[in-house]
Each structure stands twice: as C-alpha cells, then as structure tokens.
Amino acid sequence: MSLSTTLIDKTFDPSELEARWYAHWEASGAFRPERPDARPYTIIIPPPNVTGSLHIGHALDNTLQDILIRYHRLLGRDARWVVGTDHAGIATQMVVERRLAEHGQPDRKTMGRARFLETVWDWKAESGDTITRQLRRLGASCDWANERFTMDDGFNTAVTKVFVQLFNEGLLYRDKRLVNWDPKLGTAISDLEVEYREIDGHMWHFRYPLEDGSGYLAVATTRPETILGDGAVAVNPDDPRYTHLIGQRCRLPLVDRLIPIIADGYVEADFGSGAVKITAAHDFNDFEVYKRHPDAGIPVINLMNPDATMSDACPPDYRGLTREEARRQVIADFDALGLLDKIEPHRHQVPYGDRSGVVIEPYLTDQWYVDAHTLAQPALEAVRSGATKFVPATWEKTYFNWLDNIQPWCVSRQLWWGHQIPAWYTPDGACIVAESEAEAQAKAPGVALRRDEDVLDTWFSSALWPFATLGWPENTPELSRHYPGDVLVTGFDIIFFWVARMMMQGIHFTEQPPFHTVYCHGLVRDAKGQKMSKSKGNTVDPLTLIDKYGADALRFTLAAMESQGRDIKLDEKRIEGYRNFATKLWNAARFAQSNGIGAYGTGANGIGGQGITPPAATHPVNRWIIGEVAQTVAALDAAMAAYRFDGFADTLYQFVWSRFCDWYLELTKPLLAEGADAALAEETRATAGWALDQILVMLHPAMPFLTEELWHKLGERPHDLILARWPDAASLPRDAAASAEIDWLIALISEVRSARTELNVPPSAKLGYSVDGASEETSARLAANATAIERLARIIPMEGAAGQGGRLQLIVNEATFTLPLEGIVDLAAERTRLEKAIAAAAKERDALAGRLASPGFTDKAKPEAVEKARADHAARTAEAERLGAALARLG
RNA sequence: GGGCGCGUAGCUCAGCGGUAGAGCACUGCCUUCACACGGCAGGGGUCACAGGUUCAAACCCUGUCGCGCCCA
C-alpha cells in the first residue's frame with residue numbers, strides 16, 4: 001500500500017480503510033513496538049471462548065481495553081495487550097457433540113475419547129479464529145504475535161504444576177461431597193452455572209407411621225421421589241407439636257425402613273408440616289443436617305444413576321424409572337396406602353443447568369476440590385489493603401461477599417475436553433498425583449496405573465491466565481516485565497468467574513496480585529433496557545453495526561455510553577450520531593487540505609512530523625486554539641486516569657465539533673483568504689495543521705481507523721499515527737489574554753446572531769453598527785477582528801451615531817452595540833426582546849443580592865464563593881442597567 | 001430474607017454542596033465557496049415524593065413510593 005499523501009475523497013468509506021489499516025498495523029508490528037527502555041503497560045484480555053463469536057458485550061469490553069492500550073502506547077509506554085482464547089470445556093464439548101448429532105455421526109461415547117478429542121481440535125482449528133478475526137474488525141490492537149490458548153502446551157505445563165503443587169500443599173484433595181450434577185451432560189457443574197427458576201410445583205404431605213404404632217408424623221416435601229432415600233425426619237427442637245417424638249423412630253413407607261426422628265434448628269416449624277424428611281444424598285441442606293448428627297445413624301443413600309434414573313439402591317419396583325416417573329409412582333403408592341395427607345400448590349425455586357436446561361440434581365460423588373477458603377484470604381487482603389482496586393469501588397463489596405462465603409471449589413468435571421487431571425490410581429485404589437505418568441510410575445514401580453479420566457474446570461486454567469500467558473512457570477523476561485498487569489477490564493457479572501479466581505491463584509503462585517486495578521463495566525442492553533438474549537431475539541450483532549456505521553462509530557458510542565459500570569442501553573441512533581461525528585471530522589480535514597493545511601512540521605520546514613511543539617503563533621485565534629488543545633489534553637488525561645470513558649469521548653466530541661470546527665475553522669477562514677497577510681496565513685496554516693494533528697492523536701484511541709487514514713492523507717509522515725506521541729498538556733502554552741479575546745469575540749457573534757434571528761432579520765442582510773461605552777481594549781478587538789465579525793455576525797462598523805428610528809441594541813460586557821434597522825425592525829418585537837433580557841439579568845441580580853444579604857453567607861461561605869457572588873452581582877446589575885438604557889432609547 | 005444500585009429535558013444519560021448539562025428527538029430559518037451524515041437560532045426540567053442538616057441541597061442524612069440486579 002502507498003502511504004503517500006493523496007486528496008481526501010468527498011465521501012468517507014469506513015469499511016475500505018478499516019481493513020487496509022488493520023492489516024498494515026498488524027503486519028508492521030505496530031501493536032507491540034520495541035520499547036525496551038519504556039515503562040511497561042499491560043492488559044490481559046479476558047480470553048473469549050475459542051469457538052464463540054463476538055457479541056456486543058465483547059465489543060464493549062474490548063473497545064475499553066483498546067482505548068486504554070492505544071492511549072498508553074501513544075504515551076510512550078511499552079504497551080502490551082496479551083491476547084488469546086479459552087478452551088471453554090463444557091461449552092465447546094457441547095457444540096461439538098451437537099454437530100456430531102446434526103451430521104449423523106457417531107456420538108462421543110461411540111467414537112471414544114481419543115477420536116472425540118481429535119474432532120474437537122479439528123473444530124477448534126476450523127472455527128477458533130472466528131472470534132479473533134472479529135476482534136480485529138473492532139480494531140483491537142492485541143499482541144497477536146504471542147497469542148495463547150488455555151489448552152496449549154505451555155498452559156498444560158502450568159496447569160499440571162499448579163495441580164501438583166496445590167495437592168502437595170494440602171490445598172487440593174479428593175472428597176466425596178454433594179455436587180450440582182447435570183444429568184444431561186453427565187458432569188458436575190459449578191454453583192455459578194446453576195440458575196434458579198421459579199416453578200409452580202406442589203407441596204406433598206405424606207404420613208410416616210410412628211414405630212410404636214401410636215399414629216403418624218406428617219412430612220411435607222416438594223420432591224417425593226427422594227423419599228426412597230430418606231434417612232431421618234427432622235423437627236424443630238422448640239416445636240411443641242413434636243417434642244415428644246424426638247428420639248423415637250418412624251417407619252418409612254414403601255421402603256419399610258425405620259428412621260430416627262431428630263431435632264435440628266434448621267427446620268422451620270411454620271413451613272410445610274414442620275417435619276422435614278432428611279435425604280442426605282440428594283439435598284444440600286439435608287447433607288448438612290446429616291453431618292450435624294453423626295450419632296443418629298442416618299444412612300446416606302444414593303438413589304440415582306448418573307443420568308438421574310433410579311438406581312439399584314431403590315426398592316425393585318422403582319429401579320430404572322426416571323426422576324419424574326419415580327415421583328408419580330411414589331405419590332400413587334402413598335395414595336394407595338392411604339398415607340397421602342394432602343397436596344398444596346407451592347411456588348418454589350428449582351435449580352436448572354444454565355447450559356443443558358435440565359433440573360440439576362444434588363448428587364453424591366467423588367470429586368477433586370480446591371481449598372478455596374484458604375486461597376481466598378490473601379485475595380481478600382489484596383483488595384482490603386488497596387494493592388488491587390476495583391473501579392468503581394462499589395464492586396469490592398460483591399467481591400468480599402463472595403470470597404468471604406466461598407465453599408470448597410469442585411474442580412473436576414466429567415468431560416473429555418479440558419486438562420486431564422494428573423492423578424493415577426493403583427488397582428487397589430491408591431491415588432498418586434504427579435506431573436507425568438513416568439513420575440507417577442516411579443512412585444509405584446511395577447504397578448499398573450490408571451489415569452483419572454476427568455478433566456479440570458475451565459476456570460482452573462483460566463485462573464492462571466494472567467501469568468501462564470507470560471511463560472510461567474518459567475521465569476521468563478516477559479513474566480518479570482509484564483506481570484503483574486495494570487488493569488483487568490471485565491463485566492461485573494464475571495467478578496466471581498474471573499477476578500476472584502485469578503486473584504487467588506495469582507497471589508498464591510506469584511506472590512503478587514495479577515493486576516492493580518479491576519475495571520468493571522455494565523451490561524449492554526437493548527434500547528428498551530432489556531437484557532439481550534438469543535431466546536428473546538433482541539441481540540445486536542456488533543459486526544452488523546460495524547458494517548453499517550464503521551468500527552470507529554461503534555467504538556466511540558460504547559465509550560461515550562460507558563459511565564463506570566452502569567448498564568448501557570444501546571440505541572442505534574447514538575451510533576448514527578457518532579458516525580456523523582466521524583464524517584464531520586473527515587470533512588474538516590478535507591477543508592483543511594484544500595486550504596493548504598497539512599501535516600504540521602512536514603514539507604518545506606521539515607521538522608519531522610512529530611508535531612509536539614506548537615508553532616510560535618502570534619495571532620490571538622491561533623494562540624487560543626493552542627490553549628484549547630492544552631485544556632483538552634488535560635481533560636482527556638484526567639478522564640483516562642479516572643477510567644471515565646464517557647468523559648473521554650465527550651471531551652473529544654465537544655472539542656472537535658464545538659470548538660475546532662464551529663469556531664476555529666470559521667474564525668480563521670478570513671486569515672486564509674486570498675489577499676490576506678501572507679505571514680499570518682502561513683502561521684495559521686501551521687497552527688491549524690498542528691491542532692488537527694493533535695486532534696488525530698487524541699482521537700486515535702477511540703477512533704483508530706479514521707484518524708490513521710487522515711494522518712496519512714494530510715502529509716508524509718515518518719511513522720504511523722498509532723505510534724505517534726500523545727501531547728503533553730503541561731508543556732503547551734496557554735495565553736489568557738488570547739482566550740479572553742476569543743471568548744469575547746464568540747460572545748459578541750453569538751449575541752448578534754441570536755438577536756438577528758429573534759427579530760427576523762434576513763440572514764443575508766449585512767447591518768451597520770455603532771458602539772457606545774467601549775473600552776480601549778474592546779475598540780482594539782473590534783478593529784482586529786473586523787473581518788471575522790463581518791463574516792460570522794454579518795455586521796460592519798458604520799460612521800456616525802445611530803439615528804432615532806428602529807434599532808437593535810445589545811450589550812456585550814461594558815459596551816452597547818446599536819444596529820439601526822430603520823424600517824426593518826419591528827419596534828415592539830425589539831422592546832419585548834430587551835424586556836426579556838432585562839428580566840433575566842434582573843432575576844439573577846436579585847437572586848445574588850438575596851444571597852449576599854442573607855445572614856451567614858458572607859461570613860460562613862468560602863471566600864471564593866462570596867467573591868464570585870459579588871462579581872456576578874455587579875456584572876448582572878450593570879447589564880440590567882445598560883439594557884434598561886437601551887430600552888429607554890427605543891422610545 | 002440479606003445486599004447493591006437506579007429514579008434529572010420527549011428519549012438515553014452526565015453532574016453529586018455554590019445561578020440545571022450533553023447527545024438524540026422537536027421547532028424556525030438557511031441550496032453561505034469542508035460538511036444537509038450540514039449551518040444558525042430556539043423551545044423544553046418545581047432534578048420521584050416527604051422531612052431533616054447547612055448561609056446554601058439535584059447533590060449530604062432519614063423515611064416513603066416506584067424500578068432493576070445480585071446473593072440466600
């Protein structure tokens with residue numbers, strides 16, 4: 001591609017230039033320039049699912065990260081955005097299994113583990129670059145050259161080492177506990193993968209005959225099928241209805257088993273019948289009760305097979321039935337025995353697998369657990385001490401709450417796709433944990449070993465992402481340079497998944513928290529505020545939006561709407577508006593180019609195009625815009641330091657459109673016109689070129705494509721914009737006198753325009769004016785800015801005083817401007833206009849007077865506030881007086 | 001049941017102690033030599049409600065009402 005300067009086209013086509021620039025940046029290594037002496041700046045991407053595709057939440061998350069990375073790269077930091085994808089165990093395995101079914105191929109079990117895994121790797125190879133391609137469309141300037149994957153060899157080494165070390169430290173162990181079992185997927189799943197749905201169910205009341213034949217105990221349950229596994233009945237110790245039964249036994253119908261009646265505070269007397277069946281193997285609460293009563297002899301009976309059909313532990317009649325069939329059968333059998341007391345409608349929470357959509361079964365199995373409670377303590381301390389900060393800080397509470405109550409973390413999954421657990425079993429059931437089979441074998445010479453078939457929870461490996469991506473467990477230069485990272489940018493909904501686990505493992509294995517800041521953004525919702533979901537059909541595809549409006553417009557929209565974690569209601573109108581903004585800048589650059597304004601410091605003077613130091617401008621408008629740039633840079637720096645992406649975008653929007661385009665370009669048109677002072681024109685072209693360059697740099701983090709294109713269109717450059725230098729606010733000159741003059745000029749022009757419109761003066765009519773009470777400074781300014789005033793306000797000075805007829809009068813500071821409008825102006829309309837202005841000034845004057853007179857204000861308020869009130873009061877008083885005089889002159 | 005957050009212009013949202021802001025939408029005018037994806041000007045808010053603190057409250061405190069989310 002040619003980087004030579006060319007004329008800027010009349011139309012701006014985002015798609016063409018986006019593809020061109022992205023390829024160029026990536027090929028030229030611009031995403032990670034060699035900066036060995038610079039301070040590192042590191043962001044670790046929350047790795048997207050390798051077989052997923054980019055949704056609008058990713059677009060937000062990665063836009064924010066890219067803005068941070070590009071900003072810091074422009075600041076000269078050794079910026080690195082570590083990128084890669086997650087193998088996403090369950091999700092990916094499900095996708096592949098579904099594809100096999102769709103294509104009529106043998107299922108997983110039929111084809112066997114080895115062939116199935118080959119199929120998954122094939123699928124990963126085929127579809128795995130979809131999401132990374134989409135990230136590129138967005139403009140994400142990641143370090144692709146070092147892309148990682150949570151199942152690559154290096155990761156496998158890291159995962160194995162972590163597993164073995166935690167095991168050796170006693171922080172990882174095998175245990176038989178209840179897990180959330182997904183009978184459809186045939187695996188344990190995380191608490192976080194369980195969603196509770198409100199279901200209209202029933203509360204069945206059954207009669208359990210007392211052992212001594214003295215009657216029945218009514219037991220209420222929502223899950224009759226688990227009666228077959230009951231090991232006890234519990235009542236509240238303070239429930240007078242049942243105290244006499246505590247310690248007795250009752251006979252479990254259908255099973256004909258005697259079970260104890262125990263007392264436990266967990267039972268609520270006024271819920272159900274006040275007597276709760278205890279099925280330790282199928283209910284989390286019941287399991288806790290069981291553990292609290294070790295002497296009660298409560299049996300733990302696993303009623304189900306892994307697919308949730310009834311197991312051989314049930315009486316013969318129920319074996320092989322599904323959960324649902326068993327429920328119906330149990331109810332019918334109780335009814336037949338006359339032991340069904342009553343059925344009440346009952347709305348309750350039922351756990352469902354968020355991926356499989358089936359009811360989750362609390363299920364007693366052998367699994368591997370991590371002692372999360374122990375690992376959580378340093379992770380909590382890191383945030384308490386401020387070593388890691390949440391932005392906004394309110395999310396710390398969520399983090400604390402979750403880690404404070406964390407349970408042992410079940411890390412084994414009955415899947416094939418994932419890191420296989422490095423544990424081997426001897427024929428007599430002994431378990432050997434080792435980094436390799438050879439090592440395991442060495443510990444048990446001559447014994448046949450069988451490897452644990454299960455794999456690790458995806459989050460077990462994701463937790464290592466911030467350091468394993470940098471080469472850990474090797475002590476690589478990359479690791480020492482880029483770890484810990486600077487900021488993790490993620491949705492608040494993922495604090496439990498990502499943040500907490502990365503903090504726990506990061507601190508345990510590297511002794512440092514993996515990032516000093518966690519920025520949590522909100523969810524992207526549709527324009528009505530509904531959460532987007534495929535089932536609702538209200539999702540928006542970021543790629544479609546990019547096609548329609550350009551990546552820059554989408555990025556800018558997401559940044560502008562991101563205000564510290566609040567959810568974003570995405571309205572396409574907003575994107576359209578920022579597309580218009582991009583077009584505005586494009587046209588401004590086109591205008592600049594047609595006026596001989598180009599890359600600052602290139603061409604004849606050839607300073608090299610760095611454009612850091614502004615030209616030594618003499619004209620107030622040029623000195624003013626340099627000061628405005630300085631102010632803008634400072635505001636942008638402050639916004640970035642505070643992670644205020646909305647403030648960053650808004651500052652740019654206002655500066656580019658409302659300052660640079662609306663005023664600077666308009667005010668300098670006369671200075672560039674034919675016949676204007678040549679030296680001044682040259683100065684103005686230089687200043688405009690410089691200011692435009694700074695705009696491109698400042699806007700680049702948010703709109704990288706458009707700005708890079710214009711950067712090159714405007715002149716020969718020694719380097720791409722992506723590698724330019726961010727302006728230094730402190731070193732830019734600010735001229736208070738020039739600012740005051742231009743502010744005055746803008747106020748004057750605005751006053752005139754406003755009055756003209758109000759009095760229906762035709763826009764084309766050029767009016768004469770005279771001025772009274774003008775200070776020397778104002779007179780000088782009027783003379784110096786005569787051309788701009790004529791052009792933008794369409795008024796020219798006239799000889800002599802105004803006559804007695806119709807006239808338009810306006811006040812700017814101390815001066816009164818009179819525009820005779822004999823026959824044109826409607827006297828009544830002008831009177832109304834002046835009266836309105838007087839009323840406004842008087843209202844403020846009186847309010848200020850009231851405040852100044854009120855007791856306490858002058859001695860209790862801050863001196864600055866008092867001073868400002870006095871100054872404002874004086875100004876409003878004078879304004880009202882001058883307007884009053886003007887009204888009097890109308891006659 | 002516990003916790004968090006939100007109610008500011010028609011819409012979407014900033015502002016969080018010193019005279020109410022932005023974008024979009026709306027109204028009027030403008031085929032002005034960068035841009036109609038534009039220019040100029042304008043209308044529109046008792047900042048949910050009720051108390052309190054303060055010289056001063058959209059902003060701090062308490063309560064009420066309405067909405068949302070998370071955890072159990």
Side-chain angles (χ1 to χ4, degrees), chain A residues 8 10-12 191-192 196 284-285 349 392 394-398 400-402 404-405 492-493 495-496 522-523 525 527-531 549-550 553 556-557 560-595 597 644 646-647 649-651 653-654 657-658 661-662 665-666 669 673-674 749-764 791-794 840 843-848 850-862 864-866 868-869 872-873 876:
Chain A
I8 298 172
K10 184 146 170 92
T11 54
F12 153 49
D191 295 350
L192 300 168
Y196 288 85
F284 287 98
N285 288 318
Q349 302 273 335
T394 175
W395 293 113
E396 287 178 1
K397 289 175 199 144
T398 304
F400 289 145
N401 186 47
W402 194 69
D404 279 336
N405 298 303
F492 66 77
D493 53 326
I495 288 172
F496 312 132
L523 263 42
R525 297 170 178 278
K528 288 185 216 128
Q530 302 262 350
K531 195 167 171 177
Y549 300 104
F556 203 87
T557 307
M561 302 198 69
E562 172 54 31
S563 57
Q564 301 235 314
R566 193 165 163 149
D567 285 354
I568 292 175
K569 287 182 201 164
L570 188 64
D571 186 345
E572 215 173 304
K573 295 293 272 180
R574 249 346 241 277
I575 310 173
E576 191 184 315
Y578 291 122
R579 189 270 322 269
N580 295 352
F581 172 65
T583 307
K584 181 77 180 177
L585 179 64
W586 178 270
N587 282 304
R590 203 160 70 90
F591 166 77
Q593 188 181 56
S594 69
N595 279 275
I597 296 162
R644 289 308 300 251
D646 54 345
D650 196 51
T651 299
Y653 188 94
Q654 293 301 331
W657 203 316
S658 305
C661 291
D662 286 353
L665 290 183
E666 294 304 328
K669 277 177 182 172
E674 258 179 79
I749 292 166
S750 301
E751 282 290 333
V752 175
R753 283 172 167 173
S754 191
R756 290 175 62 118
T757 301
E758 212 157 335
L759 294 180
N760 292 315
V761 177
S764 52
R791 185 187 168 86
L792 299 178
R794 300 196 69 78
K843 188 182 165 197
E844 287 189 22
R845 177 197 64 201
D846 296 345
L848 287 159
R851 192 191 305 174
L852 285 162
S854 76
F857 178 67
T858 40
D859 29 277
K860 289 192 184 170
K862 284 176 290 184
E864 310 91 86
V866 178
K868 187 173 183 302
D872 289 351
H873 178 257
R876 292 286 89 97

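Within every chain, numbering begins at 1; the chains are lettered A, B, ... in the order of the sequence lines, protein sequences first and strands thereafter.
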Could you tell me whether Arg574(A) contacts a base, only the sugar-phosphate backbone, or nothing, with contacts defined as non-hydrogen atoms closer than 4.0 Å?
base

Rounded distance in Å - NZ (Lys669(A)) to C1' (C33(B))
8 Å

Got a second to check how far Phe556(A)'s CZ is from Ile575(A)'s CD1, nearest 0.5 Å?
13.5 Å

How far does the C1' atom of C49(B) sit from the matching atom of C6(B), given to the nearest Å?
16 Å

When you measure from the side-chain N and O atoms of Ser764(A) to the phosphate of C30(B), is any distance below 4.0 Å, counting only OP1 and OP2?
no

Nearest-Å distance, CD1 (Ile575(A)) to P (C37(B))?
18 Å

Just to be sure I understand the rule, does Lys843(A) reach a base, reach only the sugar-phosphate, or reach nothing, if contact means heavy atoms closer than 4.0 Å?
nothing

Nearest-angstrom distance from the residue atom CD of Glu758(A) to P of G42(B)
7 Å

Check whether any side-chain N or O of Lys584(A) sits under 4.0 Å from OP1 or OP2 of G39(B), and answer yes or no.
yes

RNA chain B: 5'-proximal contact among Trp402(A) and Phe591(A) (nearest heavy atom):
Phe591(A)

Could you check whether any side-chain N or O of Asn595(A) sits under 3.5 Å from a backbone N or O of Ile597(A), counting only pairs where one atom can act as donor and the other as acceptor?
no

Is there a side-chain polar atom (N or O) of Lys569(A) under 4.0 Å from OP1 or OP2 of C13(B)?
yes

Touch class at under 4.0 angstrom, heavy-atom based, for Gln654(A) against every strand present:
sugar-phosphate

Does the side chain of Leu665(A) reach to within under 4.5 Å of the side chain of Phe591(A), using non-hydrogen atoms?
yes

Of all the nucleotides listed (A34(B), U19(B), A22(B)), which has the minimum atom distance to the side chain of Ala588(A)?
A34(B)

Candidates U19(B), C40(B), A34(B) - which lies nearest the side chain of Asp662(A)
C40(B)

Which whole number of Å gives the distance between the C1' atom of U53(B) and that of U62(B)?
11 Å

Across the strands shown, which category fits Arg753(A) at heavy-atom distances under 4.0 angstrom: base, sugar-phosphate, nothing?
sugar-phosphate

Between G63(B) and C55(B), how far apart are the P atoms? Round to whole Å, please.
24 Å

Could you tell me whether the phosphate oxygens of G39(B), OP1 or OP2, come under 4.0 Å of any side-chain nitrogen or oxygen in Trp657(A)?
yes

Nearest-Å distance for atom pair CD/C1', residues Glu576(A) and U12(B)
15 Å

Less than 4.0 angstrom between a side-chain N/O of Asn580(A) and OP1 or OP2 of G38(B), yes or no?
yes

Please measure how far the C1' atom in C67(B) lies from the corresponding atom in A48(B), and state the result in whole Å.
11 Å

C69(B) pairs with, by Watson-Crick or G-U criteria that keep both distances under 3.5 Å:
G3(B)

Considering only side-chain heavy atoms of Ala861(A), which listed nucleotide, A34(B), A25(B), C55(B), is closest?
C55(B)

Regarding Thr583(A), tell me which of base, sugar-phosphate or nothing describes its non-hydrogen contacts under 4.0 Å with the strands shown.
base

When the P atoms of G39(B) and U32(B) are considered, how many whole Å apart are they?
13 Å

State yes or no: are the ring centers of Tyr578(A) and Tyr549(A) separated by less than 6.0 Å?
no

If G23(B) has a Watson-Crick or G-U wobble mate with both distances under 3.5 Å, name it; if not, just say none.
C11(B)

Sugar-phosphate, base or nothing in reach of Glu666(A), heavy atoms under 4.0 Å
base

Can you tell me the base-pairing partner of U64(B)? Count Watson-Crick or G-U wobble geometry only, both distances below 3.5 Å, and say none if there is no partner.
A48(B)

Across all strands shown, which nucleotide pairs with C55(B) by Watson-Crick or G-U wobble geometry, both distances under 3.5 Å?
G18(B)

Kindly indicate, with the supporting measurements, whether the criterion side-chain contact (heavy atoms from CB on, under 4.5 Å) is fulfilled by Leu585(A) and Trp657(A).
CA-CA 8 Å; Leu585(A) 179 64; Trp657(A) 203 316; over 6 Å; no

Side chain of Ala865(A): nearest nucleotide among C4(B), G18(B), C37(B)?
G18(B)

Asp872(A) bridged to Lys868(A) by N-O distance under 4.0 Å:
yes

Report the distance from atom CG of Leu665(A) to atom P of G39(B), rounded to the nearest whole Å.
12 Å

Sub-3.5 Å donor-acceptor pair from the side chain of Asn401(A) to the main-chain atoms of Lys397(A), do we have one?
no

Measure from CG on Asp404(A) to P on A72(B) and round the result to the nearest Å.
14 Å

Asn405(A) CG to A72(B) C1': how many Å, rounded?
10 Å

With heavy atoms under 4.0 Å as the rule, sort Ala847(A) into base, sugar-phosphate or nothing.
nothing

On a heavy-atom basis, which atom in Ala560(A) and which in Arg574(A) lie closest, and how many Å separate them?
CB-NH2, 4.4 Å

If the P atom of G15(B) is compared with that of G1(B), how far apart are they to the nearest Å?
33 Å

Regarding Tyr578(A), tell me which of base, sugar-phosphate or nothing describes its non-hydrogen contacts under 4.0 Å with the strands shown.
nothing

Write down the distance separating the C1' atoms in C65(B) and G38(B), rounded off to the nearest Å.
46 Å

Give one of base, sugar-phosphate or nothing for Arg644(A), where a contact means two heavy atoms less than 4.0 Å apart.
sugar-phosphate

Need to verify one output field. Residue with the more 5' nearest nucleotide on RNA chain B, Met561(A) or Ala592(A)?
Met561(A)

Find the distance Glu572(A):CD to A25(B):P and express it as a whole number of Å.
14 Å

Distance between P atoms of U19(B) and C24(B) (Å, rounded):
26 Å

